[in-house]
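Proteins get letters first, then strands, A, B, ... in listed order; numbering begins at 1 in each. Both backbone and side-chain heavy atoms feed into the values below; hydrogens, waters and symmetry mates do not.
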Number of protein chains: 2
Amino acid sequence: MTDAPESPVAPRPSTIHAVAALAGVSPSTVSRALNSPDMVRQATRQRVLASVERLGYQPNRAARSLVLGRTATLGLIVPDIANPFYAPFVKVVHSHVREAEYALFLGDTDEDLATEVALARAMARQVDGLLLCSPRMPGARLRSIAATVPLVVANRLSRTVPSIAMDFGPGIGQAVMHVHALGHRHCVFLSGPRDSWSNQQRSRTFASACHRLGIELTVLGPYEPFFGGGYRGADEALATGATAMFAYNDLVALGVMSRLAARGVRVPEEISVIGFDDIPMASMTSPPLTTVVMPIAAVAKASASILLSLLAGTVPRRPAGKELATRLVIRDTTGTAAVPSTRSVVPGRGGTERGTARPRS
Amino acid sequence: MTDAPESPVAPRPSTIHAVAALAGVSPSTVSRALNSPDMVRQATRQRVLASVERLGYQPNRAARSLVLGRTATLGLIVPDIANPFYAPFVKVVHSHVREAEYALFLGDTDEDLATEVALARAMARQVDGLLLCSPRMPGARLRSIAATVPLVVANRLSRTVPSIAMDFGPGIGQAVMHVHALGHRHCVFLSGPRDSWSNQQRSRTFASACHRLGIELTVLGPYEPFFGGGYRGADEALATGATAMFAYNDLVALGVMSRLAARGVRVPEEISVIGFDDIPMASMTSPPLTTVVMPIAAVAKASASILLSLLAGTVPRRPAGKELATRLVIRDTTGTAAVPSTRSVVPGRGGTERGTARPRS
DNA sequence: GTGAAAGCGCTAACAT
DNA sequence: ATGTTAGCGCTTTCAC
């Protein structure tokens, strides 16, 4: 930092009265000139606008809210803004909300249930609408909040609250078919937070998809849904003897790959790894990650639209099922199943060609 | 989504009058019981609190703002919330702001100057304080906003507005010394957005550090500060014959590495790459990226504290210089300089061993 | 210790 | 087409 605030305290912002006085009209005329332009004469309007300009007048939001009974603010609560999966969600919501002339309160729960509830309760009364992204709170509480404020829930389905979520079926189905075609018969799923709705969905969907194709599925975890979680989980996963690993999300998958590399296990020659989310990073790693793409932007857009049209009293456009479908992106971390015996003989390091070829400096 | 909103329109939230009536006191007593507990009798207070509880009363924020002249809201404007460099910034600021019982307006400028100005102006009057992260607007405008609302600027220094930024010197100095020690004598800097303050700083600092050590530095760009920018820049950088590449940020560095890999150029055997920021991804790639670590969390924390203490009227704690110093993290993308002749003979693909070993499915 | 009344800045009837 | 008035929900003198 540099200096002390030189501003001798900000001057009081000018009010509608000041504008009115300067323009030689009454406050209500100013209000009208601003809000219903065709209720005032052209000439008066010009004068008013000029005064507004000269004074840099901006209506006081609080006063406006108070009388109108609306805050022109929406609330968005996400589990973790630093998570590359949620950040784009926030961005998309922000742009839609802004387009509709709403401001946006942001809440980050830090993946914590109590914080989530506290934030939601605090925001509920102070916004015109609330958007909960991947909420963990029980359905009952969701409902009680919905009784308080227009509410939309994203990444989780509810029968009582307007909600929107992607369809895991297609992507997971494709992933399982993919590894099946590659000859894998024993897979493991490194699961995420137990109380997470999407973890439950993913677990369940993987289980049934594997079952259908006669693939044995071992569910491990829960692991924390980050790089470290995968890094830790990799060893347990390896110990199961499975030849393909489904990770709860890409971060976990990257952790798995990193740990596998450290142990000298080659991907995809010895083990196939499949992520979830398709965060930007997924395509930038080497080898690039085979993963299930989440249409997160579509969900963000749809949930914002739903909330907005709820408030506008219009009928929300129901997004086509296809937009919300997950799908598999095959990149380079999946390959044919290795013969089981191959594994467990590998020494400390394997084919890490480029990683170890680095010259000592 | 699932169903229509069953809530037959949210019931009007209860007011201080309702609480007062239920408790058998006047509204002013309720207000006092809530805001200055020791101005009311213990017993009355209990009754009031009980009614508050029963009615689920929460003071109307707008009404409160109007009379108090404060909004209990802070504004944060960032260039791109989806950028892994800014997301943690937002997270840290959010947590500090929340701790101080402020709500947070979020603004995302999408790296656009006009949007940045518009957002800042719109927020200025409606918040108690504004925090601008890496603003691009000219200093004069910054000042005019500062005249309007308590303002703190992060990632950019200003003599007239309280501001805080990291110190690029140490990290860049270390980076240049590092490549110098590895024998590199010709480097290139892939620059970022021209109007970005930190790009100017980085350019300048790289230039002088290289000059000091007798390293030739070619500055390329500007490139967009994303993966794609680096991907495109890699070819031009390669054409210069430089043996080490400094990227504007990690995303660019990853783009460079990806393109180099695609062209069969090995890192670090043939080319060394150094990033900037140390985003989480940087340590997860293979090879892990040598990069200059930005103490972004420290900056976020410090800027939030400064704003908060500005508002509280307390003296801001001046962060120690060390906290704000960048530093080099040496990982696996830097190696000894290759003999210049080695380059330019390499065919379309090179040591992409693992990438191409993938079985056809 | 508590109640009555005024007013924060704005908009929306209601007059004219 | 414009001015006057009341009041949104709350806090804070000012009385008592």
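The nearest whole Å value for the distance from the CD atom in A:Gln58 to the P atom in C:dG9 is 15 Å. A:Asn60 has its CG atom 7 Å from the P atom of C:dG9, to the nearest Å. At whole-Å resolution of the value, CD1 in A:Ile16 and C1' in C:dC8 are 14 Å apart.
Using a distance-only test at 3.5 Å, with no hydrogens or angles considered, a donor-acceptor pair links the side chain of B:Asp128 to the main chain of B:Thr71.
One finds a salt bridge joining A:Glu111 and A:Arg136 here, because a Lys/Arg side-chain nitrogen approaches an Asp/Glu carboxylate oxygen to under 4.0 Å.
Mapping A:Ser28 and B:Gln42 onto DNA chain C by nearest heavy atom places B:Gln42 at the nucleotide closer to the 5' end.
Among the heavy atoms of the strands lying under 4.0 Å from B:Ser31 is at least one base atom, whether or not backbone atoms are also near.
Taking side-chain N and O atoms only, A:Thr44 has a distance below 4.0 Å to OP1 or OP2 of D:dT2. A sub-4.0 Å separation between OP1 or OP2 of C:dG9 and a side-chain N or O of A:Thr15 is absent.
Residues from residues 62-75 of chain A with heavy atoms under 4.0 angstrom of DNA chain C, sorted by number: A:Ala63, A:Arg64, A:Val67, A:Leu68.
Side-chain atoms of A:Arg32 and base atoms of D:dG3 include a donor and an acceptor less than 3.5 Å apart.
Side-chain atoms of A:Tyr57 and A:Leu34, non-hydrogen and from C-beta on, do get closer than 4.5 Å to each other.
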